[in-house]
Undergrad: 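Can you read through this structure? Questions will come right after.
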Amino acid sequence: MNDVFQQVDNSLYSNAMTFLRQPLVQNPLNTDADIVVLGLPFDMATSGRSGARMGPDAIRRASINLAWEGRRFPWQFNLLQHTKIVDAGDLVYSCGDSQAFCDQLESAADQILASGKTLLGLGGDHFVTLPLLRAHAKKYGKMALIHFDAHTDTYSNGSRYDHGTMFYHAPNEGLIDKHRSVQIGIRTEYTEKEHGFNVINAMQANDLSVADIVASIKQTVGDLPVYLTFDIDCIDPAFAPGTGTPVCGGLTTDKVLKIIRGLEGLPIVGMDVVEVAPAYDNSEVTALAGATIALDLMHLWTLQNKQF
């Protein structure tokens, strides 16, 4: 007799509790996981519409659309046959306390990295990347940043907690080398002379070929350890409306996925997908984009770190 409790659920409507239906492990430190997914339900640093605290749940639910495929197209291997993934649920912190969130996240990331695992964060607003960078820099030293976004997030706004200031603070703290970092999709104000980061703005990215963009990124970052952060508003709001600060003129989901898939060979040590705000989404298209990007990042990591 078949055990009804051992059935594989390939539906698109049930058991949408974890990313890709992978095991929920609230303490992942002693597991044999390669990648730990950690939800970061924080949006107290937003400058526009709030709601990104609901992003981790939305991304997980959308990921169920991707869980059935096995060998995910167009990748040429089955991710779960090579990489062990666990979902550690959402970070718990004192609600309303931004400093407590920073401290808890940095500590959690420190412990996950010290246990030999790679962390994939699901935001949450983009401020979550700053404590993640602090933790990763302790282990890997100064890193290159690959940053997909409509905004540079290099603004000195005078606030300790602002999702537009992370990449002002990160170079000043010695976490990243901005001259070896690349920002893709930018289409809001910045001063080129004082900026320091290498920018492929949205107009350029839409006109350039994927091959040219990938070549530019690889040439810039070289052999530095790479932290990759993806703000969903890099994508045009026609394809990803569910975000707090949408900006017209962005990239298509097709193009960003092709760029990500082209980054094979880079030493990616950390990654996050942020700023999905499901209250403004239509038919979960933004959450699905976020889940697909996260899944492709895992494939990219696997190609670099596993033997085939």
Side-chain angles (χ1 to χ4, degrees), residues 8-12 15-16 18-23 31-38 56 58-87 117-122 144 146-148 182 184-185 205 208-218 221 225-232 234-235 239-240 251-274 276 284-308:
V8 175
D9 187 353
N10 286 320
S11 70
L12 301 182
N15 290 309
T18 63
F19 191 82
L20 288 183
R21 291 200 179 98
Q22 294 308 291
T31 69
D32 61 350
D34 298 303
I35 297 176
V36 176
V37 177
L38 182 63
I59 293 171
R60 287 185 176 105
R61 290 181 180 277
S63 77
I64 303 308
N65 292 279
L66 310 172
W68 64 272
E69 197 169 355
R71 194 183 75 180
R72 171 72 181 163
F73 181 84
W75 299 97
Q76 296 301 304
F77 62 95
N78 186 318
L79 175 70
L80 299 180
Q81 290 179 357
H82 297 276
T83 297
K84 176 77 171 179
I85 300 164
V86 298
D87 191 327
K117 299 167 178 52
T118 297
L119 176 59
L120 190 151
L122 301 179
I146 298 178
H147 172 207
F148 292 81
V182 187
I184 305 107
L208 288 170
S209 70
V210 170
D212 286 342
I213 294 170
V214 168
S216 178
I217 293 171
K218 288 185 173 181
V221 304
V226 172
Y227 189 96
L228 193 152
T229 181
F230 198 104
D231 186 326
I232 207 70
C234 175
I235 301 173
F239 302 92
L251 281 66
T252 67
T253 47
D254 175 65
K255 193 152 197 176
V256 298
L257 290 171
K258 287 175 178 174
I259 295 169
I260 289 170
R261 292 165 186 163
L263 299 178
E264 178 181 347
L266 291 182
I268 295 174
V269 298
M271 44 201 169
D272 63 57
V273 179
V274 299
V276 172
E284 298 183 335
V285 295
T286 311
L288 181 60
T292 306
I293 290 163
L295 181 56
D296 270 18
L297 291 176
M298 291 179 175
H299 281 83
L300 198 62
W301 181 93
T302 298
L303 281 177
Q304 180 65 15
N305 291 279
K306 296 291 183 175
Q307 299 294 323
F308 287 85

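We use all heavy atoms of the structure for the numbers below, so side chains are in, but hydrogens, waters and symmetry mates are not.
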Undergrad: Rounded to the nearest 0.5 Å, how far does CG of Leu228 lie from CD1 of Ile268?
TA: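 These two atoms lie 5.0 Å from each other.
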
Undergrad: Write down the atom of Val214, the atom of Gly262, and the distance for their closest heavy-atom approach.
TA: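 So the minimum-distance heavy-atom pair works out to CG1-O, 3.1 Å.
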
Undergrad: Can you name the closest pair of heavy atoms from Leu38 and Leu119 and give their distance?
TA: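 That would be CB-CD1, 3.7 Å.
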
Undergrad: State, yes or no, whether a side-chain contact exists between Lys255 and Ile213 at a heavy-atom distance under 4.5 Å.
TA: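 When only atoms from C-beta onward are counted, Ile213 and Lys255 do touch, with a gap below 4.5 Å.
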
Undergrad: For Leu20, does its backbone N or O pair with a side-chain atom of Ser63 as donor and acceptor, under 3.5 Å?
TA: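 Judged by distance alone, yes, a pair lies under 3.5 Å.
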
Undergrad: Between Glu264 and Leu300, is a side-chain contact (heavy atoms from CB on, under 4.5 Å) present by the stated rule, with each step listed?
TA: CA-CA 6 Å; Glu264 178 181 347; Leu300 198 62; 4.3 Å; yes

Undergrad: Could you tell me the separation between the CG atom of Asp87 and the CZ atom of Arg60, rounded to the nearest 0.5 Å?
TA: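 Reported value, rounded in 0.5 Å steps: 4.0 Å.
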
Undergrad: Are side-chain heavy atoms of Ile146 and Leu266 found at a separation under 4.5 Å?
TA: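 Touching, per the 4.5 Å side-chain cut-off.
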
Undergrad: How long is the gap from CZ on Arg61 to CG on Asn15, to the nearest 0.5 Å?
TA: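 These two atoms lie 10.5 Å from each other.
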
Undergrad: Which heavy atom of Ala16 sits nearest a heavy atom of Ile64, and at what distance?
TA: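 The pair with the smallest heavy-atom distance is CB-CG1, 3.3 Å.
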
Undergrad: Please report the closest heavy-atom contact between Leu12 and Asn65, naming both atoms and the distance.
TA: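 Leu12 and Asn65 have their closest heavy atoms at CD2-CA, 3.8 Å.
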
Undergrad: Would you please classify the geometry between the His299 ring and the Phe77 ring as parallel, tilted or perpendicular, with 30° and 60° separating the classes?
TA: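 Ring orientation, 0 to 90° scale: tilted.
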
Undergrad: Under the criterion side-chain contact (heavy atoms from CB on, under 4.5 Å), I'd like the reasoning laid out for Leu257 against Thr292: C-alpha separation, chi angles, the key distance, then a yes or no.
TA: CA-CA 8 Å; Leu257 290 171; Thr292 306; 3.9 Å; yes

Undergrad: Within the side chain of Thr302, is there an N or O that forms a donor-acceptor pair under 3.5 Å with the backbone of Met298?
TA: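 Looks like yes, one N/O pair under 3.5 Å.
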
Undergrad: Short question: side chain of Arg21, backbone of Ala67 - any donor-acceptor pair under 3.5 Å?
TA: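 Checking the backbone N and O of Ala67 against the side chain of Arg21, no donor-acceptor pair under 3.5 Å is found.
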
Undergrad: For the pair Ile85 and Leu79, evaluate side-chain contact (heavy atoms from CB on, under 4.5 Å) and give the outcome as yes or no after the intermediate values.
TA: CA-CA 9 Å; Ile85 300 164; Leu79 175 70; 3.7 Å; yes

Undergrad: Only counting residues at least two apart or in another chain, list the ones meeting salt bridge (Lys or Arg N to Asp or Glu O under 4.0 Å) with Glu69.
TA: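 Salt bridge (Lys or Arg N to Asp or Glu O under 4.0 Å) check on Glu69 returns Arg72.
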
Undergrad: If you define the side chain from C-beta out and look only at heavy atoms, does anything of Leu251 sit under 4.5 Å from Phe148?
TA: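 Of all side-chain heavy-atom pairs linking Phe148 with Leu251, none is under 4.5 Å.
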
Undergrad: Counting only N and O atoms by type, is there a donor-acceptor contact under 3.5 Å from the side chain of Lys258 to the main-chain atoms of Ser209?
TA: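 Checking the backbone N and O of Ser209 against the side chain of Lys258, no donor-acceptor pair under 3.5 Å is found.
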
Undergrad: May I ask you to check whether over 12 heavy atoms, not counting those of Gln304, lie within 6.0 Å of atom CD?
TA: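 Yes - once you tally the heavy atoms of other residues, nucleotides and ligands closer than 6.0 Å, there are more than 12.
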
Undergrad: Do Val256 and Phe230 have side-chain heavy atoms sitting under 4.5 Å apart?
TA: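 Yes, at least one pair of side-chain atoms sits under 4.5 Å.
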
Undergrad: Would you give the length of the straight line joining atom NE2 of His147 to atom CD1 of Ile184, rounded to the nearest 0.5 angstrom?
TA: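 The CD1 atom of Ile184 is 8.5 Å from NE2 of His147, to the nearest 0.5 Å.
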
Undergrad: Quick one: pull up OG1 in Thr118 and CE in Met271 and give me the separation to the nearest 0.5 Å.
TA: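 Separation between the atoms: 6.0 Å.
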
Undergrad: If a pair satisfies salt bridge (charged side-chain N to carboxylate O under 4.0 Å, His left out) and one of its residues is in residues 285-307, list it, with sequence neighbours excluded.
TA: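 Checked against salt bridge (charged side-chain N to carboxylate O under 4.0 Å, His left out) - neighbours excluded - the pairs reaching residues 285-307 are Asp34-Lys306, Arg261-Asp296.
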
Undergrad: Rounded to the nearest 0.5 Å, what separation is found between the CG atom of Asp212 and the CD1 atom of Ile259?
TA: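 Answer for the CG-CD1 pair, Asp212 versus Ile259, is 11.0 Å.
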
Undergrad: Passes side chain to side chain donor-acceptor pair (under 3.5 Å), Thr83 versus Trp301? Steps please.
TA: CA-CA 9 Å; Thr83 297; Trp301 181 93; over 6 Å; no

Undergrad: Any non-hydrogen side-chain atom of Thr18 less than 4.5 Å from a side-chain atom of Val86?
TA: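 Heavy-atom side-chain distance check fails, nothing below 4.5 Å.
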
Undergrad: Can you give me the closest heavy-atom contact between Gln76 and Arg71, atom names plus distance?
TA: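 Scanning both residues, the minimum pair turns out to be C-CD, 3.6 Å.
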
Undergrad: Identify the two heavy atoms, one from Ala289 and one from Ile235, that lie closest to each other, and give their separation to 0.1 Å.
TA: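 Between these two residues, the closest heavy atoms are CB-CD1, 4.2 Å.
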
